[in-house]
Amino acid sequence: MNTKVVKIDREHPDPAVFEEAARILRGGGLVAFPTETVYGLGANALDEEAARRIYAAKGRPSDNPLIAHIADEEGLAPLTAEIPDMARRLMKAFWPGPLTMIFKKSPAVPYSTTGGLDTVAVRMPSDEAARRLIRTAGIPIAAPSANTSGRPSPTTAEHVAQDMTGRIEMILDGGPVGIGVESTIVDVSGPQPVLLRPGAVTMEMLEATAGPVAVDPAITGPMRADVKPKAPGMKYRHYAPSAELILVEEAAHTESREAVSEAVIAAINRLADEQSRLGKRVGILCTDETRNRYEQGDGSRMVRSLGRRSSADSIARNLFAALREFDDLGADIIYSESFSKDHLGQAIMNRLTKAAGYHIVSPEEIGKDGQ
Ligand code: AMP
Ligand code: MG
């Protein structure tokens, strides 16, 4: 299949481009498009066959549900069996924007979209190009991140092309995204809201609007084999580069927005040296404040900054691109600094720990067993 890539002019969007993309979607085809979080891989959310094509293009297990994207609030009622008051408050506060909510589904939504669940995930993105596409198509658009399943999510159209060329009909190139991590997901189908995935609408923001929010255990730690996850997708390895990724952090997690400890810097340098001696290509993920503290080695060492440590926005925006770049450069092993876990930091650390497969080491451990 030939994948057509078309640049979007955000100041003067060309209606013909959106018409063409909308026609593909209505015909059961796949179109990747930018949203404010990451690039989405769009298909008609009400068409079983189209949803199946998403799973095939991504290589995604079909019990991992998709998020239906709508252009305006009127798009919600046809997808849901009921809209609780709490959801209405959250909608008012955060839509359009990077918040996905889980509702009891209406019969209109096929099980192929919901991964067999009786609930449906819905989001109204704030990206104007995304909303224009959905509005033009006139249907809800199922749009998981437009990456091969398991890889870091795409934050540019080039990332999408790397994974999806030859597999989908069209890519709309709207330039780099603004946020860089996927939407916050909150389950509002029960009596109390439950956070299923942290994102740019933070826990602090949610609680200010909806009162106490429970946190699904899958967010904070690895899923035990005997626990049935709320969302099947939560059990899969995610966001990961091909290289092994290891997070280095203080045992007491004292990392803050201001600083990372000297012990962590020393530990990363020491681990990197050991791996270099073994002939491994080593990547180091750090911040502007520390990038000069890591030795570049003989050229086999790659040091990448995610931006200023005090700017969680820039760390989130650059994270997935950096992981992909390490892959492109052939890194064998990546050591990453750890970040503050509050506000947007919760989403950053959630993606990093999952990408690392929960492989976290502390300077103390490294010192002890002389790893
Ligand atoms: P992605 O489309 O890759 O950004 O991820 C979609 C994620 O949304 C899934 O992996 C689930 O974690 C979550 N999700 C979607 N639908 C549901 C649902 N009905 N119930 C719970 N979680 C859901
Ligand atoms: Mg994804």
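Start at 1 and go down the list; that is how both ligands and their atoms are numbered. The basis for the numbers below is simple: all heavy atoms, side chains too, and nothing from hydrogens, waters or symmetry mates.
Contact analysis puts L196 in contact with ligand 1, with a non-hydrogen atom separation below 4.0 angstrom. Residue contact check for ligand 1: R60 places a non-hydrogen atom closer than 4.0 Å to it.
Residue contacts with ligand 1, taken as heavy atom pairs separated by less than 4.0 Å, do not involve K105 at all.
Salt-bridge formation is detected for the pair D163/R151: a Lys NZ or Arg NE/NH1/NH2 atom is positioned less than 4.0 Å from an Asp or Glu carboxylate oxygen. With respect to R123 and E36, a salt bridge is recorded, a charged nitrogen being found less than 4.0 Å from a carboxylate O. A salt bridge links R301 with D273: the closest approach of a Lys/Arg side-chain nitrogen to an acidic carboxylate oxygen falls below 4.0 angstrom. Here E20 pairs with K4 in a salt bridge; the nearest charged N to carboxylate O distance falls below 4.0 Å.
Atoms of ligand 1 found under 4.0 Å from any heavy atom of T119 (numbered from 1 in listed order, with element): 18 (C), 19 (N), 20 (N). Near I102, with a cut-off below 4.0 Å to any heavy atom, the atoms of ligand 1 are 17 (C), 18 (C), 19 (N), 20 (N), 21 (C), 22 (N), 23 (C). Annotation for ligand 1: atoms under 4.0 Å from non-hydrogen atoms of R197 are 1 (P), 4 (O), 5 (O). Taking every heavy atom of N64 and a limit of under 4.0 angstrom, the matching atoms of ligand 1 come to 9 (C), 10 (O). Distances below 4.0 Å separate heavy atoms of S145 from the following atoms of ligand 1: 2 (O), 3 (O). Within the listing of ligand 1, atoms 18 (C), 19 (N), 20 (N) sit less than 4.0 angstrom from a heavy atom of L117. Applying the 4.0 Å criterion to heavy atoms of I185 picks out, from ligand 1, the atoms 7 (C), 8 (O), 13 (C). Annotation for ligand 1: atoms under 4.0 Å from non-hydrogen atoms of A121 are 15 (C), 16 (N), 17 (C).
E289 pairs by the side chain to side chain donor-acceptor pair (under 3.5 Å) definition with T287, R308, not counting sequence neighbours. Evaluation of the side-chain contact (heavy atoms from CB on, under 4.5 Å) rule for A214 yields Q192, V194 as partners, not counting sequence neighbours.
Tracing side-chain contacts under 4.5 Å through hydrophobic residues (I, L, V, M, F, W, Y), one never reaches F33 starting from Y39; they form parts of separate clusters.
For the pair P241 and L323, the tightest heavy-atom approach, listed with the atom from each and the gap, is CB-O, 3.8 Å.
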From CA spacing to verdict: side chain to side chain contact (heavy atoms under 4.5 Å, CB included), L90, V188:
CA-CA 10 Å; L90 289 169; V188 293; 4.0 Å; yes

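Each salt bridge (charged side-chain N to carboxylate O under 4.0 Å, His left out) pair with one or both residues in residues 339-352, not counting sequence neighbours, appears once here: E182-R351, R257-D342.
In the displayed structure, R26 atom CZ is contacted under 6.0 Å by more than 12 heavy atoms of other residues, nucleotides or ligands.
For the Mg ion (ligand 2), protein N, O or S atoms under 2.8 Å: 1 in total.
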